[in-house]
Amino acid sequence: MDALLNGNSTFLELVNGWLGYIVKHDYSKATYASYSSKLRHLLQYVGHIKLNELTREELQSIFVLIEMEKISPNTIGNIYSITKKVFHFAIKMGVMKENITDHLVLPKRKPYVPKVYRKLEVTRLLSLTKGSKLDIPVTLAVNVGLRRGEILSLQWKDIDFVHNTILVNKGTSAPDVDHFPKSDSSIRLLKLPKKVGNMLKDHLVEQKNSFLKFGITHDVNTLLFCKNDATRYNATSLNKMFKKLLIDNKLPIIRFHDLRHTYATMAHNNGMPVKHLSRSLGHSTPAITVEQYVHI
DNA sequence: CACGCCCATAGTTCAGAAGC
DNA sequence: GCTTCTGAACTATGGGCGTG
């Protein structure tokens, strides 16, 4: 720590100290990026103010200003929880006495209600993607309920055509391309629906042929869904391609991740027990499944 | 122009803790 | 036991930019 941090330091200096000395070391890169960008909302108003001149009332008025920027209540909640950590750090470092983030009044967070496709729209979507680049990711999302990051990092060694299973044990997150599961319960061995298995078999043959043509090695580490040169697609590109497909074909606009919600809703409506569905999605408890994914 | 990458920032997911 | 809150890590979106 720059032993220089004291009551006369500015809020900006405090934030930089916390980000650089704590967050950079103890948290993931994605979290670091998320924290620093959210703190900018505060810095624009109070970055220059000295710590011993910052008051709870002032902080409260800053949150009102942020609300006026049309930032959603959920995001304001996020900004608040990060801010609280910053001041907690200040207290720990002995540069502030009380945590001025206590008892602030904030807008209530609202649950997100995803859009899901009905059977008819799913059928239409699948007929559109058939044979196209998006065939694999869309099918895996809508028929197996995989997350985007899980699809992007699936390798052929994760597919077992003998036992008809698919092993989900890694993910890909923006802005990095790190591999990690969302949580321990996200690691799971799933049954591969017959039609998906068949589709993957066909895809494997096609991919091998295409690789041969370009002189690229194909092995068990090859990604299921990748570009012609075997490299991974950028996660945001997948979203863009998906959205374009919907616009071009006048399908209702949903997010790629909503295909996972669609899968869950359909499975539930088809009578899949919640416990089973929860395992299939990789949730730690069935309560999450019911709360977040089943939209009738 | 279409495609794909990178970056910045907003918003969502989901586990675990806290509160009832 | 449940519901609600918190927080880390994820996904979404859009602009800019390079390539073909």
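Both backbone and side-chain heavy atoms feed into the values below; hydrogens, waters and symmetry mates do not. To find a chain, count down the sequence lines: A is the first, B the second, and so on, and within it residues start at 1.
- Whole-Å rounding puts the A:Ile76 CD1 to C:dT6 P distance at 14 Å.
- Under the side chain to side chain donor-acceptor pair (under 3.5 Å) criterion, A:Thr83 pairs with no residue at all, not counting sequence neighbours.
- B:dT9 atom C1' lies 13 Å from atom CD of A:Gln44, rounded to whole Å.
- The phosphate of C:dT11 (OP1 or OP2) has no side-chain N or O of A:Arg147 nearer than 4.0 angstrom.
- Looking at A:Ile166 and A:Leu146, their side chains come closer than 4.5 Å, going by heavy atoms from C-beta outward.
- Using a 4.0 Å cut-off, some side-chain N or O of A:Thr75 falls inside it from OP1 or OP2 of B:dG11.
- Annotation: ring pair (Phe, Tyr, Trp, His ring centres under 6.0 Å) contacts of A:Phe87 (sequence neighbours excluded): A:Phe11.
- Considering only residues two or more places apart in sequence or on other chains, A:Lys50 meets the side-chain contact (heavy atoms from CB on, under 4.5 Å) condition with A:Asn8, A:Asn52, A:Glu53.
- Atom OH in A:Tyr35 sits roughly 15 Å away from atom C1' in B:dG11 (whole-Å rounding).
- Nearer to the 5' terminus of DNA chain B, by closest-nucleotide assignment, is the contact made by A:Ser36 (compared with the other of A:Ser36 and A:Asn78).
- For the pair A:Ser34 and A:Ser81, both in contact range of DNA chain C, the more 5′-proximal nearest nucleotide belongs to A:Ser81.
- In this structure, of B:dT13, B:dT9, B:dG11, it is B:dT13 that holds the atom nearest to the side chain of A:His261.
- In this structure, A:Arg260 does not reach the C:dT11 phosphate: none of its side-chain N or O atoms is under 4.0 Å from OP1 or OP2.
- Computed from coordinates, the A:Glu150 CD to B:dC14 C1' distance equals 13 Å when rounded to whole Å.
- For the pair A:His257 and C:dC10, the criterion of a side-chain N or O lying under 4.0 Å from OP1 or OP2 is not met.
- Within the structure, every side-chain polar atom (N or O) of A:Lys38 is placed at least 4.0 Å from both OP1 and OP2 of B:dA8.
- Remark: A:Thr222 OG1 to A:Gln207 CD distance equals 6.0 Å, nearest 0.5 Å.
- Proximity of A:Asn74 to the phosphate of B:dG11: no side-chain N or O atom is located under 4.0 Å from OP1 or OP2.
- The side-chain contact (heavy atoms from CB on, under 4.5 Å) test applied to A:Lys133 returns A:Phe225, A:Tyr233, A:Met241, not counting sequence neighbours.
- Across C:dG14, B:dG11, C:dA12, the shortest atom-to-atom separation from the side chain of A:Lys243 is found for C:dG14.
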Any protein N or O atoms within reach of nucleotides 1-4 of chain B? Criterion: under 3.5 Å, listing atom names and distances.
residue: B:dG4; atom: OP1; partner: A:Lys133; partner atom: NZ; Å: 2.8
residue: B:dG4; atom: OP2; partner: A:Lys133; partner atom: NZ; Å: 3.4

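- Atom NZ of A:Lys85 is separated from atom C1' of C:dG7 by 7 Å (rounded to the nearest Å).
- In this structure, the CZ atom of A:Phe242 is 10 Å from the P atom of C:dT13, given to the nearest Å.
- Contact annotation: A:Lys84 reaches the phosphate of C:dG7 (side-chain N/O to OP1 or OP2, under 4.0 Å).
- In this structure, a donor-acceptor pair under 3.5 Å is absent between the side chains of A:Asn164 and A:Lys191.
- In this entry the distance linking OH of A:Tyr80 with P of C:dT4 reads 19 Å, nearest Å.
- Nucleic acid contact class of A:Ile71 (heavy atoms, under 4.0 Å, all strands): sugar-phosphate only.
- Rounded to an integer number of Å, the gap from A:Leu39 CG to C:dA8 P is 12 Å.
- By the ring pair (Phe, Tyr, Trp, His ring centres under 6.0 Å) test, A:His203 pairs with A:Trp156, sequence neighbours left out.
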